[in-house]
Participant: 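I'd like to ask some things about the structure below.
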Amino acid sequence: MEYTAAAAPFTPAGTVVAIVGDGAADALDALSGIPGVETLALHDDEPALGARRIAASLSPWVVHDADPLIHVAAAWVELYEERSTLGALDVEIETALSRFGAGEAIMPDYYVVLDASSADETWRHWWCGALGYRAPRRVLPVDAPASGTATAIRRLLTSLPSSRPWPDPGTWLPGLAFEIPDRVGVRDTAARPRGAASTG
């Protein structure tokens with residue numbers, strides 16, 4: 001695994017892939033039994049238990065349905081849909097950072113986002129903007145093709161793109177309140193010297 005939290009005692013041996021979105025449970029079921037792939041249904045587990053189960057796997061690929069940032073994401077979406085407050089987002093960020101620091105949460109190497117194109121607009125901005133901007137090639141939208149979602153994910157697992165690793169959550173989660181939908185990354189792009197290449 002290419003990302004480890006600074007104080008995390010758990011380091012998965014293989015590549016960790018989180019499947020998120022409606023249909024994640026069905027996708028896990030469809031991937032069960034593939035050689036080299038361990039599927040873990042962690043959505044209902046306590047975060048610390050889920051982290052231990054991920055870290056204990058010795059498979060080349062660990063595919064699960066537990067997003068360590070799900071509550072942060074929901075708070076960010078609700079803030080910009082004017083259904084929640086900045087204070088609620090701050091609480092979720094502090095909780096997530098505490099779990100990462102204690103090794104009770106593990107950032108997946110890749111997110112597979114099911115049917116991203118049909119998600120609500122603010123959620124699309126989260127996946128492809130506020131989150132995806134940090135390591136664009138590690139957030140992979142998958143829309144159900146005629147061959148089926150499971151087939152698309154199987155193909156994806158054999159050709160995951162290389163990318164810079166996730167930055168330490170402590171370097172970017174505290175600034176999420178300033179990551180405005182439709183504007184994520186604009187500030188950084190504007191500040192980049194002319195001619196400088198972006199990293200992806």
Side-chain angles (χ1 to χ4, degrees), residues 1-4 11-45 47 50-51 53-74 76-77 96 105-167 169 172 179 181-182 184-185 198-200:
M1 181 176 177
E2 298 182 42
Y3 166 88
T4 53
T11 303
T15 298
V16 180
V17 179
I19 298 180
V20 296
D22 294 339
D26 291 338
L28 283 182
D29 288 342
L31 294 173
S32 180
I34 299 176
V37 177
E38 182 171 0
T39 57
L40 299 175
L42 304 177
H43 187 268
D44 295 325
D45 284 0
R53 291 181 65 190
I54 293 169
S57 175
L58 298 177
S59 297
W61 290 281
V62 182
V63 184
H64 66 78
D65 60 351
D67 178 6
L69 296 177
I70 184 60
H71 296 297
V72 172
W76 184 87
V77 167
I106 295 176
M107 195 73 173
D109 293 301
Y110 294 90
Y111 280 90
V112 171
V113 185
L114 301 180
D115 296 325
S117 63
S118 63
D120 290 341
E121 183 178 9
T122 314
W123 274 103
R124 290 200 303 273
H125 285 304
W126 165 259
W127 295 122
C128 301
L131 176 65
Y133 174 69
R134 306 300 161 182
R137 292 167 65 83
R138 293 187 180 276
V139 178
L140 308 173
V142 172
D143 289 318
S147 57
T149 300
T151 299
I153 295 174
R154 290 185 189 194
R155 290 173 179 167
L156 190 60
L157 290 178
T158 64
S159 58
L160 291 169
S162 60
S163 173
R164 66 177 185 252
W166 292 105
W172 62 276
E179 303 293 3
D182 276 335
V184 175
S198 62
T199 56

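Just so it is clear, the model here is predicted, and its values are computed rather than measured.
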Participant: Below 3.5 Å, can you tabulate the donor-acceptor pairs from side chains in residues 64-73 to any protein atom, sequence neighbours excluded?
Facilitator:
residue : atom : partner : partner atom : Å
H64     : ND1  : A66     : N            : 2.9
H64     : ND1  : A66     : O            : 3.2
D65     : OD1  : L42     : N            : 2.6
D65     : OD1  : H43     : N            : 3.0
D67     : OD1  : L69     : N            : 2.9
D67     : OD1  : Y111    : OH           : 2.6

Participant: Using every non-hydrogen atom in the two residues, find where R134 and P167 come nearest and quote the distance to one decimal.
Facilitator: O-CD, 3.8 Å
Participant: Which pairs pass side chain to side chain donor-acceptor pair (under 3.5 Å) with one or both residues in residues 17-35, sequence neighbours excluded?
Facilitator: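 Pairs touching residues 17-35 that pass the test: none.
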Participant: Mind checking side-chain hydrogen bond (donor to acceptor under 3.5 Å, both in side chains) for T122 and listing every partner two or more places apart, or none if nothing turns up?
Facilitator: E81
Participant: I153 vs L114, test: side-chain contact (heavy atoms from CB on, under 4.5 Å). Steps then yes/no.
Facilitator: CA-CA 10 Å; I153 295 174; L114 301 180; 3.9 Å; yes
Participant: Going by the rule side-chain hydrogen bond (donor to acceptor under 3.5 Å, both in side chains), which residues pair with T158 if we only count those two or more places apart in sequence or in a different chain?
Facilitator: none
Participant: What is the minimum heavy-atom distance between I19 and A24, and which atoms define it?
Facilitator: O-CB, 3.6 Å
Participant: Run L40 and V62 through side-chain contact (heavy atoms from CB on, under 4.5 Å) and show every step you take.
Facilitator: CA-CA 7 Å; L40 299 175; V62 182; 3.7 Å; yes
Participant: Check W76 against A130 and note the closest heavy-atom contact, atom names and distance.
Facilitator: CZ2-CB, 3.8 Å
Participant: Quick check: closest heavy atoms across R137 and S163, and the distance to 0.1 Å?
Facilitator: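 Closest pair (atom of R137, atom of S163, distance): CB-CB, 3.7 Å.
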Participant: Using a 4.5 Å cut-off on heavy atoms from C-beta on, say whether the side chain of L140 contacts that of V113.
Facilitator: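 V113 does not reach L140 side chain to side chain.
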Participant: With heavy-atom distances below 4.5 Å as the criterion, would you say the side chains of V63 and L157 are in contact?
Facilitator: yes
Participant: Heavy-atom distance under 4.5 Å between the side chains of R138 and W166, does that happen here?
Facilitator: yes
Participant: Flag the pair W172 / L131 as yes when at least one side-chain heavy-atom distance between them is below 4.5 Å, and no otherwise.
Facilitator: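 Yes, their side chains come closer than 4.5 Å.
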Participant: Determine yes or no for a side-chain-to-main-chain donor-acceptor pair under 3.5 angstrom, with Y110 supplying the side chain and P161 the backbone.
Facilitator: yes
Participant: Suppose we screen for side-chain hydrogen bond (donor to acceptor under 3.5 Å, both in side chains). Which residues come up paired with R53, at least two apart in sequence or across chains?
Facilitator: D45
Participant: List for me each residue that meets side-chain contact (heavy atoms from CB on, under 4.5 Å) alongside I34, sequence neighbours excluded, and say none if there are none.
Facilitator: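 For I34, the residues satisfying side-chain contact (heavy atoms from CB on, under 4.5 Å) (neighbours in sequence not counted) are L31, V37, R154.
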Participant: Please determine which of T39, V16, L160 meets the side chain to side chain contact (heavy atoms under 4.5 Å, CB included) test together with W61.
Facilitator: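 Of the listed residues T39, V16, L160, the side chain to side chain contact (heavy atoms under 4.5 Å, CB included) partner of W61 is L160.
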Participant: CD1/I54 to OG/S59 distance, rounded to the nearest 0.5 angstrom?
Facilitator: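 Between atom CD1 of I54 and atom OG of S59 there are 12.5 Å.
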